[in-house]
Protein chains: 2
Amino acid sequence: MKSETLKLENQICFKIYTAEREITKLYRELLKELNVTYPQYLVLLLLWEKHSLSVKELGQRLFLDSGTLTPMLKRMEMNGLVERKRSEQDERSVIVSVTEKGNALKEKAECIPSQLVDNIPMGKEELSTLNETLTSMLEQLQNHSK
Amino acid sequence: MKSETLKLENQICFKIYTAEREITKLYRELLKELNVTYPQYLVLLLLWEKHSLSVKELGQRLFLDSGTLTPMLKRMEMNGLVERKRSEQDERSVIVSVTEKGNALKEKAECIPSQLVDNIPMGKEELSTLNETLTSMLEQLQNHSK
DNA sequence: AGTTATTTAGTTGTACACAATTTAATTTTA
DNA sequence: TAAAATTAAATTGTGTACAACTAAATAACT
């Protein structure tokens with residue numbers, strides 16, 4: 001019937017689908033204390049670096065559109081983590097910046113990467129191979145969807 | 001632990017998160033003709049093999065709980081793809097079986113794996129390495145979440 | 001047997017994710 | 001420069017995910 005490659009391919013997609021949910025589940029635990037979700041944590045990671053970014057820029061970095069970001073950023077604003085303000089140079093654009101409260105979470109978040117590693121112990125070699133594979137896979141996928 | 005490794009883990013998690021969405025997006029296109037979503041397609045894959053499974057068994061295979069499955073299966077039932085019926089041996093259990101209409105989609109779906117591979121060209125070697133890595137990663141993750 | 005514990009689906013509420021559409025602001029171009 | 005095209009967010013509607021809870025059936029135990 002089907003070639004092995006095709007079958008394997010299916011398994012890999014399912015495994016990525018499953019891994020994503022398991023990783024999110026793990027982050028949920030680690031982030032519980034911060035009272036943020038994983039996507040919100042990703043926004044914070046960016047804002048801890050750059051302090052403020054437009055919705056568009058956040059979307060470009062996270063590959064999310066306004067349909068996802070707008071409500072999420074509103075929730076974060078409601079929780080006092082970020083501020084949203086129309087740009088004065090370009091009124092179409094909305095600038096999101098991290099508040100003091102949002103910045104304060106950075107300290108609490110310091111330990112998260114190491115806790116993560118504790119739960120997914122992998123060799124250095126394996127890690128970088130996986131990283132490269134995912135990178136090229138993502139390139140293929142994102143090339144296509146554009 | 002070196003900060004290099006910590007950062008890499010974080011990046012890998014983000015890439016898996018992103019890859020999952022890109023893969024789902026690709027499937028969305030491929031499955032548009034069948035009028036099913038990727039998770040629904042996964043259910044069909046199982047039912048094409050086994051004809052009927054309980055909600056519990058579906059959940060065990062897909063790592064999804066009734067909170068996700070029940071509404072999804074109801075949508076599939078509404079679309080005429082599956083049937084849901086209480087088991088007579090055990091009234092707690094609900095048996096989901098594929099209908100003729102659901103089975104008819106199998107033919108249309110045959111071409112999907114190869115179309116998928118066309119969009120993610122990867123070497124056999126790389127593919128099986130990725131598969132192994134994800135498998136062990138999943139084991140770690142699922143062990144932990146118990 | 002009768003009570004307690006466990007199991008199985010379903011329900012409720014929250015939070016993404018994204019397609020499709022809308023609105024308003026800015027660019028482009030005719 | 002006025003009209004057309006483009007851009008940036010927001011909105012609307014659908015479909016997962018999952019935690020927490022409920023209800024009903026079955027199993028286990030005294």
Side-chain angles (χ1 to χ4, degrees), chain A residues 14 17-29 31-32 35-43 53-60 62-79 81-82 84-96 141-142 145-146, chain B residues 14 17-29 31-32 34-43 53-60 62-79 81-82 84-96 142 145-146:
Chain A
F14 176 61
Y17 163 72
T18 307
E20 188 276 333
R21 287 183 292 132
E22 290 295 338
I23 287 170
T24 303
K25 203 176 293 181
L26 181 51
Y27 268 109
R28 190 174 300 125
E29 235 178 284
L31 293 170
K32 199 190 289 186
N35 194 34
V36 295
T37 64
Y38 178 58
Q40 289 174 16
Y41 170 69
L42 294 176
V43 168
L53 289 165
S54 68
V55 172
K56 184 195 173 190
E57 288 168 323
L58 285 172
Q60 285 171 336
L62 302 176
F63 310 108
L64 293 171
D65 69 4
S66 66
T68 301
L69 284 174
T70 298
M72 187 170 102
L73 293 169
K74 279 183 179 173
R75 281 187 288 273
M76 292 178 78
E77 190 180 38
M78 214 134 57
N79 291 335
L81 303 178
V82 302
R84 293 156 65 247
K85 222 168 69 181
R86 288 274 162 194
S87 163
E88 287 176 10
Q89 291 80 12
D90 185 342
E91 292 271 345
R92 291 172 300 181
S93 188
V94 166
I95 307 299
V96 183
L141 285 166
Q142 290 174 334
S145 72
K146 178 57 231 68
Chain B
F14 176 62
Y17 163 72
T18 307
E20 188 276 333
R21 288 183 292 130
E22 290 295 337
I23 287 171
T24 303
K25 204 176 293 181
L26 182 50
Y27 267 109
R28 190 174 299 126
E29 236 176 283
L31 293 171
K32 199 189 287 185
L34 310 204
N35 194 35
V36 294
T37 65
Y38 177 59
Q40 290 174 13
Y41 170 71
L42 294 176
V43 168
L53 288 165
S54 69
V55 172
K56 183 196 173 188
E57 289 168 323
L58 286 171
Q60 285 172 337
L62 301 177
F63 310 106
L64 292 171
D65 69 3
S66 66
T68 301
L69 283 174
T70 298
M72 187 172 103
L73 293 169
K74 279 183 179 173
R75 282 189 287 272
M76 293 179 78
E77 190 180 38
M78 214 134 58
N79 291 335
L81 303 178
V82 301
R84 292 157 66 248
K85 223 167 68 180
R86 287 275 162 191
S87 163
E88 288 176 10
Q89 290 80 12
D90 185 341
E91 292 271 346
R92 291 171 301 182
S93 186
V94 165
I95 307 300
V96 183
Q142 290 174 333
S145 70
K146 195 164 12 168

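Every chain is numbered from 1 and lettered A, B, ... according to where its sequence line falls, protein lines coming before strand lines. Please read these numbers as outputs of a predicted model, since none were measured by experiment.
Residue S54(B) is in sugar-phosphate contact alone, with no base atom involved, counting any heavy-atom pair closer than 4.0 Å across all strands shown. Among the atoms of the strands shown, only primed sugar atoms or phosphate atoms (P, OP1, OP2) are found under 4.0 Å from some heavy atom of L64(B). Among the protein residues, T37(B) comes within range of the sugar-phosphate backbone only, with heavy atoms under 4.0 Å from sugar or phosphate atoms but none that close to a base.
Rounded to an integer number of Å, the gap from CG of L69(B) to C1' of dA9(C) is 10 Å. Distance L26(B) CG to dC18(C) C1': 15 Å, rounded to the nearest Å. Rounded to an integer number of Å, the gap from L42(B) CG to dA17(D) C1' is 14 Å. In this structure, the CZ atom of R86(A) is 9 Å from the C1' atom of dA25(C), given to the nearest Å. Between the OH atom of Y41(A) and the P atom of dC16(C) there is a distance of 16 Å, given to the nearest Å. The OH atom of Y38(B) sits 10 Å away from the P atom of dA17(D) (whole-angstrom rounding).
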Side chain to side chain donor-acceptor pair (under 3.5 Å), that's the test. Do T24(A) and E20(A) meet it? Break it down for me.
CA-CA 6 Å; T24(A) 303; E20(A) 188 276 333; 3.0 Å; yes
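In this structure, of dT16(D), dT8(C), dA8(D), it is dT8(C) that holds the atom nearest to the side chain of K56(B). For S93(B), taking side-chain heavy atoms from C-beta onward, the closest of the listed nucleotides dT8(C), dC16(C), dT16(D) is dT8(C). Ranking dA9(D), dC16(C), dA9(C) by closeness to the V55(A) side chain, first place goes to dA9(D). Of the candidates dA17(C), dT16(D), dA9(D), dA17(C) carries the atom nearest the Y17(B) side chain, counting heavy atoms from C-beta on.
Relative orientation of the Y38(A) and Y17(B) rings is perpendicular, given thresholds of 30° and 60° on the angle between their planes.
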Can you give one letter per nucleotide of nucleotides 20-26 of chain D, going 5' to 3': B for a protein heavy atom under 4.0 Å from the base, S for sugar-phosphate only, - for none?
-----BS
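In summary, R84(A) and E77(A) engage in a salt bridge, as defined by a charged side-chain N under 4.0 Å from a carboxylate O.
Judged by closest nucleotide on DNA chain D, K74(A) is the one of R21(A) and K74(A) placed further toward the 5' end.
Note on R28(A): every side-chain N or O is 4.0 Å or more away from OP1 and OP2 of dA17(D).
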